[in-house]
Protein chains: 2
Amino acid sequence: MPTVQPVTIVDVARRAGVSAGTVSNVLTGKRPVAEATRVRILRAIEELGYQPNLLARSLVNRSSNTLGVVTSGLEYYGPSRTLVGIEAQANELGYSLLLDLLHRPDVDDVAAILDDLTARRVDGIIWAVHEVGGNRHWIAPERLRALPPIVFLTMKSRPGTSILSTDNRTGALLATQHLIDLGRRKIALVAGPQDWWEARERLAGWQAALEGAALDVSSRMIVYGDWMPSSGEQALRRLLEAQPDIDGVFASNDQMALGVLRACHFLHRRVPDDIAVVGFDNMPEAEFLWPSLTSVRQRLTELGRGAVQTLHSAIEARGQGSALAPGVQLLTPELVVRESTIGRND
Amino acid sequence: MPTVQPVTIVDVARRAGVSAGTVSNVLTGKRPVAEATRVRILRAIEELGYQPNLLARSLVNRSSNTLGVVTSGLEYYGPSRTLVGIEAQANELGYSLLLDLLHRPDVDDVAAILDDLTARRVDGIIWAVHEVGGNRHWIAPERLRALPPIVFLTMKSRPGTSILSTDNRTGALLATQHLIDLGRRKIALVAGPQDWWEARERLAGWQAALEGAALDVSSRMIVYGDWMPSSGEQALRRLLEAQPDIDGVFASNDQMALGVLRACHFLHRRVPDDIAVVGFDNMPEAEFLWPSLTSVRQRLTELGRGAVQTLHSAIEARGQGSALAPGVQLLTPELVVRESTIGRND
DNA sequence: AATGGCAGTTAAAACGTTTTAATTAATTTT
DNA sequence: AAAATTAATTAAAACGTTTTAACTGCCATT
């Protein structure tokens, strides 16, 4: 059952009474071809149902029009949303996407993945793996220069690399300042794991805002969670035991904020009357909790799009023998105010 | 700046004092090669930092070891979780993944995507696009037979195709039966859009359970939502206006259940004392709402893995000239019982 | 002592494109 | 009318692999 379809460019050429090169010319449009023969060729293509073999084309072009995307945590909102942006932009620029997932970022074999990607001759790589833990496998610098252009998402700055990220510090500062502006004076932080760069940045933003208002930033006001809701719930219980008069909480992500709200419910603290709560990420559910959750919105799809754009420029640049100046691009997030800080407004 | 790495198999061959064919033999392991020369070749590979060009290999093998994945709604939990399963299984079987996203499933050009996938000579395709709307572009049957093997996820049965799906009907039946077992007698349904196959199946499951207990399944007990939380909230308000004595609700997904819980909160109906609520999907947040949400868990990663396994079998079968019998595989979901039906248990 | 088989190797032919350099035909310039 | 230019086309050489078929030696059969 040869469902395979062996119709090749020379089949088309033969039927159109022309050479393969000419067919290629109308396909790529790189060289002029007489109108009469062009229509003859197009008809032949149509009649035979010819489809070019991109593998062969890539082989001679030394370029596959493909980007490799390495990411992790796709089951969470942030990474998957970013991937959507990456895909959309890649599509618009004519790239296909080769997807690799790190299921356990601290353990998985990065080298093997990079090998496969280069073996498949991707034109560029987007590295969207969260920095987690200290013993995580990193791309060795000497390896880096043997790779195609690469852009890093949400990652600590490294010399010689291109990086895109949300400005986590400013986001946290916006959130905390909002609480201060509402008159809150004892504002606790539910922090993320400090081996994540994002977590450290958000802590720094919280701290900066409070220091600007001369409020308490001592370690009594901080509890560390693990990004998960349950840790947020526990965090608030611990905080309230030690500091019963806390009137504001900034949780470093929405999941932990969820836990905070849950704890408030069972501890009979009214939100926002007794305690105002702000999260970070603006996940889709934030709007529909009770009370709905004030949160910091990252422009995730723009982040993904920006990564592809930067990568595209780098690819073009290298194609012309030059290199693109590496650097850090920060996207400023915005605060979305809801019931958890200003109460019901209906 | 020629960062390109032109080291090819014949470079290796030359350095090892051997022909290209022999190098290929040690690479593929398909034919025996003397131990002495093997080590010589391996050393040459090492020293030159040779990396095989998979494009060239694919060209001659007529197989790219790549699967195309077409999906949509990646920003939601279900599709992204499924993708994780797909990727994991694909990886284990040695496939890479070419990812295509439909951003607007009812509008996007399916033909162009299929063209690109076949042009790139993928070995198989996983079609994980939700069936939505009637005027959505569908893969034309005559096109289907010119494509590589293809597996459909979460889609209505079609003759001659392989399909994997959660058994939505049974899941809905489990959920509703649970409410009945708890003694609830007026059990409403917040249904999904009826142009989705999943939505119709879940309605059928609800109906079957209630009919088994001789309870009211009239249209008064049904409100149709759009999967979003706000529609769930509105739905409950409408239901309670007409039927104030409703004591149980099955929402066709967790998002709408979220809206139902929110409405209950603001309408001062206690959950589960006054109204017991069950959702569908078991999204990560379900566990941490207040009350936590009883829900139906789909085995999403297994769904993804199963799709790849089925596809792999089909590819192997076609490689041997035979075809795999198409069919439908249903994965039975399970009920996760939480506070929204049985109350707080601490 | 011839035959056969086997293990290892290789030269050359694919795979399906694009590109280069050459060739032809048509058109313009002198 | 010859020469020079331009426009289309083509044959052949890439691109980097695998595979086929042929060719060695060498050893074991008879």
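Chain letters run A, B, ... following the sequence lines, proteins first and then strands; every chain starts at 1. All values below come from the heavy atoms of this structure, side chains included, with hydrogens, waters and symmetry mates left out.
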Can you tell me if the side-chain N/O atoms of [X] get under 4.0 Å from OP1 or OP2 in [N]?
X       : N      : value
B/Ser24 : D/dT17 : no
A/Asn61 : C/dT19 : yes
A/Lys30 : C/dT19 : yes
B/Thr8  : D/dG16 : no
B/Thr22 : C/dT9  : no

For this session: Dump the intermediate steps for side-chain hydrogen bond (donor to acceptor under 3.5 Å, both in side chains) on B/Ser80 and A/Glu75, then the final yes or no.
Result: CA-CA 6 Å; B/Ser80 57; A/Glu75 48 272 73; over 6 Å; no
[atom1]-[atom2] distance between [X] and [Y], expressed to the nearest 0.5 angstrom:
X        : Y        : atom1 : atom2 : value
A/Leu114 : A/Trp127 : CG    : CH2   : 5.0 Å
B/Thr310 : B/Ile163 : OG1   : CD1   : 11.0 Å
A/Ser24  : A/Arg57  : OG    : CZ    : 7.5 Å
B/Asn91  : B/Ile86  : CG    : CD1   : 13.0 Å

Ignoring hydrogens, what is the shortest heavy-atom contact between [X] and [Y]? Give both atom names and the distance.
X        : Y        : answer
B/Leu98  : B/Arg120 : CD2-CD, 3.4 Å
A/Gln51  : B/Thr118 : OE1-OG1, 2.8 Å
A/Leu311 : A/Ile150 : CD1-N, 3.9 Å

Exercise. Do any of residues 32-40 of chain B sit with a heavy atom less than 4.0 Å from DNA chain C, and if so which?
Worked result: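 When residues 32-40 of chain B is checked for heavy atoms under 4.0 Å from DNA chain C, the hits, listed by number, are B/Pro32, B/Val33, B/Ala34, B/Thr37.
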Send over the distance from [X] [atom1] to [N] [atom2], rounded to a whole Å.
X        : N      : atom1 : atom2 : value
B/Asp11  : D/dC15 : CG    : P     : 11 Å
B/Arg62  : D/dT17 : CZ    : P     : 18 Å
B/Gln51  : D/dG16 : CD    : P     : 14 Å
B/Arg14  : D/dG16 : CZ    : C1'   : 13 Å
A/Leu59  : D/dC15 : CG    : C1'   : 4 Å
B/Asn25  : D/dA21 : CG    : P     : 15 Å
B/Ile9   : D/dT17 : CD1   : C1'   : 6 Å
A/Arg121 : D/dG16 : CZ    : P     : 8 Å

For this session: Find which nucleotide of DNA chain C each of B/Val18 and A/Asn53 is nearest to by heavy atoms, and output the residue with the more 5' nucleotide.
Result: B/Val18
Considering only side-chain heavy atoms of [X], which listed nucleotide, [options], is closest?
X       : options                : value
B/Ser19 : D/dT18, D/dG16, C/dT10 : C/dT10
A/Thr28 : D/dT18, C/dT18, D/dG16 : C/dT18
B/Leu27 : D/dG16, D/dT18, C/dT10 : D/dT18

For this session: Answer with yes or no whether A/Arg31 presents, from its side chain, a donor or acceptor under 3.5 Å of a partner atom in the base of D/dT9.
Result: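 Result: at least one qualifying N/O pair found.
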For this session: For B/Ala20 and for A/Val60, find the nucleotide of DNA chain D with the closest heavy atom, then tell me which residue's nucleotide is more 5'.
Result: A/Val60
